[in-house]
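One-based numbering, in listed order, for ligands and for the atoms of each.
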Amino acid sequence: MKYYSLNNHNIKTSFAAAAITGIAPDKGLYFPENVPQLESDFINNIEKYSDVEIALKAITPFIGDEIPQDILRNIVEETLSFDFPTVEVENGIYSLELYHGPTLAFKDVGARFMSRCLNYFSKGDNKKTTILVATSGDTGGAVANGFLGVEGINVVILYPSGKVSNVQEKQLTALGNNITALEVNGSFDDCQDMVKHAFLDEELKHINLTSANSINVARWLPQMFYYFFAYKQLKHLGKPLAISVPSGNFGNICAGLMAKKIGLPVGHFIASTNVNDTVPRFMQSQQYKPGTTTETLSNAMDVSSPSNFVRILELFESNFGSLKKDLSSYPFDDTETLKAINHLYNKHNYLADPHGAVGYLGLKQFMEQNAGYTGVFLETAHPVKFPQSIEKELGITIPVPDSLASLLTVEKQAIAIKSYTDLKDYLLL
Ligand SMILES: *Cc1c(COP(=O)(O)O)cnc(C)c1O
C-alpha cells in the first residue's frame with residue numbers, strides 16, 4: 001500500500017517510510033492511496049475468527065508485503081496481549097473497555113503495534129532509532145511501555161516537571177532499560193517546542209530521530225481492531241451498533257470510520273467531546289473554526305484543532321452529506337461529566353472515568369433521538385488514572401490494580417533539563 005500526503009497527493013511513500021518518518025516532508029498527514037474492501041464472507045462469519053485473525057484481516061491490506069505475514073502475526077499477537085471486553089452497563093448500552101493494557105489506556109494498542117513495526121523496519125539497519133516524544137501525561141506512558149525492551153530503539157520522553165500525575169510520572173520514569181525520561185523545568189508547550197526544534201536541527205541529522213505521536217499511520221490504523229471486536233461480541237443482539245468515541249485528536253474515531261469503510265457494518269458513530277467543541281460546531285455549521293483550548297477533567301481530550309479531522313474529511317471526500325449520515329458529534333461540560341460519573345456509579349454500579357463518561361453522554365443523546373440501535377461507548381482509560389475528580393464526586397477510594405501497585409514502589413529516574421541546549425547535549429552524548 002502506498003500513502004500520500006494530504007497536502008499534496010503526488011507525494012507518495014510506502015507504509016514503512018510513513019511509519020518511520022511520521023509525517024510527509026510537506027508536513028501533510030499520510031493517507032492510504034486506496035480503501036481496501038474486506039470479503040463479505042469474512043464479515044458475515046466474524047464470530048468464527050479469533051481476535052488475532054480478525055486484526056490480521058483488517059490490517060494486512062494496509063501493509064501489503066512490507067512485513068511478512070508470520071512476522072505481522074507476531075506483531076498483532078503481541079499488540080493484543082490483553083482483553084477488550086464489552087460490559088453491559090444498562091439495558092442495550094455497553095462499555096467497550098479499552099483500558100486493560102499495560103498503561104491502562106487505549107493508546108497501548110497503537111503504541112505496541114507501532115513499536116513492533118519500527119523494530120522490524122530497523123532490522124538490518126545498524127543505526128539505533130531514537131524516538132523523541134513530549135507528553136502531557138498519557139501518551140508518554142503508552143509509548144514508553146510500548147517500546148520497552150524493543151531492540152534497536154531508544155526512547156527519550158520529555159515531560160513538564162510537577163505537571164503530570166503521580167501515576168503518570170511513574171509510568172514514564174520507573175521503566176529504565178531503553179527508556180529515558182527528561183524532566184523539563186517548564187510547561188508541556190516548552191517540551192513540545194524542544195522536540196520540534198530537535199527535528200529541525202541540522203546538527204542532529206546524523207541521529208535517526210523519529211516521533212511517535214498519534215498522526216503516525218502505524219499508531220492510527222491498529223485502532224480499527226477493537227471496533228471489529230465489539231461488533232463480533234454484540235452482533236448476536238441483531239441491531240445495528242451506535243458507537244460513541246470520546247474524542248480529542250480524533251485519531252481513534254477516524255480509525256473506527258475507516259473500519260466501516262473497509263466493510264465493518266457499524267450503524268452510526270458519535271464523536272463525543274468536552275467543551276473543546278470544534279467538531280460538534282462544525283457538524284452544525286460546516287464551518288471549521290478552532291477556538292482556544294480549555295482545560296477540563298477529561299484532559300486527554302483538551303484539543304481544539306484535532307489533527308486527524310483532515311483524515312476524516314478525506315475519508316468522506318469532503319462530502320458533508322455522507323459524513324453526516326455516519327457521524328454525529330456532541331459536546332459536554334465538566335458538570336455534566338461529573339453527573340454522568342455519579343449516575344453510572346449510583347444507578348448502574350459502573351465506575352467510569354471522565355473520558356468514558358463523556359462518551360456515555362454522547363451515546364445517550366444520540367439514542368434518545370434515534371431508536372433501534374445497540375449502544376456502545378468506548379471507555380478509553382482506567383478510572384484509577386483520574387482519581388481526584390472521581391473520588392471527590394463519589395466519596396470513594398479507587399483500588400489500585402496490582403500491575404500499577406508494583407510500579408508505584410519503583411524509584412523514579414529522570415534527568416532534569418532546563419533548555420534546548422540541555423536536550424541537545426543529552427542527544428549528542
Ligand atoms: C488520547 C485519549 C483520548 C482521545 O483520543 P483521540 O484519538 O486523540 O481522539 C480519549 N481518552 C483518553 C483516555 C485518551 O488518553
Visitor: So between Asn249, Ile253, Val358, Asp302, whose heavy atom ends up nearest atom 6 (P) of ligand 1?
Guide: Asn249

Visitor: Check Lys412 with Glu183, please: is the shortest side-chain N to carboxylate O separation under 4.0 Å?
Guide: yes

Visitor: Taking N or O atoms only and a 3.5 Å limit, does Ser247 qualify as a polar contact for ligand 1?
Guide: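 So ligand 1 has no N or O lying under 3.5 Å from an N or O of Ser247.
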
Visitor: Please check if any side-chain donor atom of Asp302 sits under 3.5 Å from a side-chain acceptor atom of Thr296, or the reverse.
Guide: yes

Visitor: Determine, considering heavy atoms only, which of Glu379, Lys107, Arg219 sits nearest to atom 2 (C) of ligand 1.
Guide: Lys107

Visitor: Does the N or O separation between Thr380 and ligand 1 drop below 3.5 Å for any pair?
Guide: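 There is such a contact, yes.
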
Visitor: Can you confirm if the aromatic rings of Phe309 and Tyr288 lie within a centre distance of less than 6.0 Å?
Guide: yes

Visitor: At less than 4.0 angstrom from any non-hydrogen atom of Phe250, what atoms of ligand 1 do you find?
Guide: 6 (P), 8 (O), 9 (O)

Visitor: Heavy atoms only, cut-off 4.0 Å: how does Ala105 contact ligand 1, side chain, backbone, both, or neither?
Guide: neither

Visitor: Within ligand 1, which atoms have a heavy atom of Asn252 less than 4.0 Å away?
Guide: 7 (O)

Visitor: With backbone taken as N, CA, C and O and side chain as the heavy atoms from C-beta onward, which portion of Lys385 lies under 4.0 Å from ligand 1: side chain, backbone, both, or neither?
Guide: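 Under 4.0 Å from ligand 1, Lys385 contributes no heavy atoms.
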
Visitor: Hey, is Phe106 one of the residues with a heavy atom under 4.0 angstrom from ligand 1?
Guide: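 A heavy atom of Phe106 does come that close to ligand 1.
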
Visitor: Should Gly248 be counted as touching ligand 1, given the test is an N or O pair under 3.5 Å?
Guide: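 Looking only at distances, the answer is yes, because the N/O contact criterion of under 3.5 Å is met.
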
Visitor: Are the side chains of Ile23 and Tyr30 in touch, meaning some heavy atoms are under 4.5 Å apart?
Guide: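 In short, these two side chains do not touch, never coming nearer than 4.5 Å.
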
Visitor: Looking only at N/O atoms, are Met301 and ligand 1 under 3.5 Å apart anywhere?
Guide: no

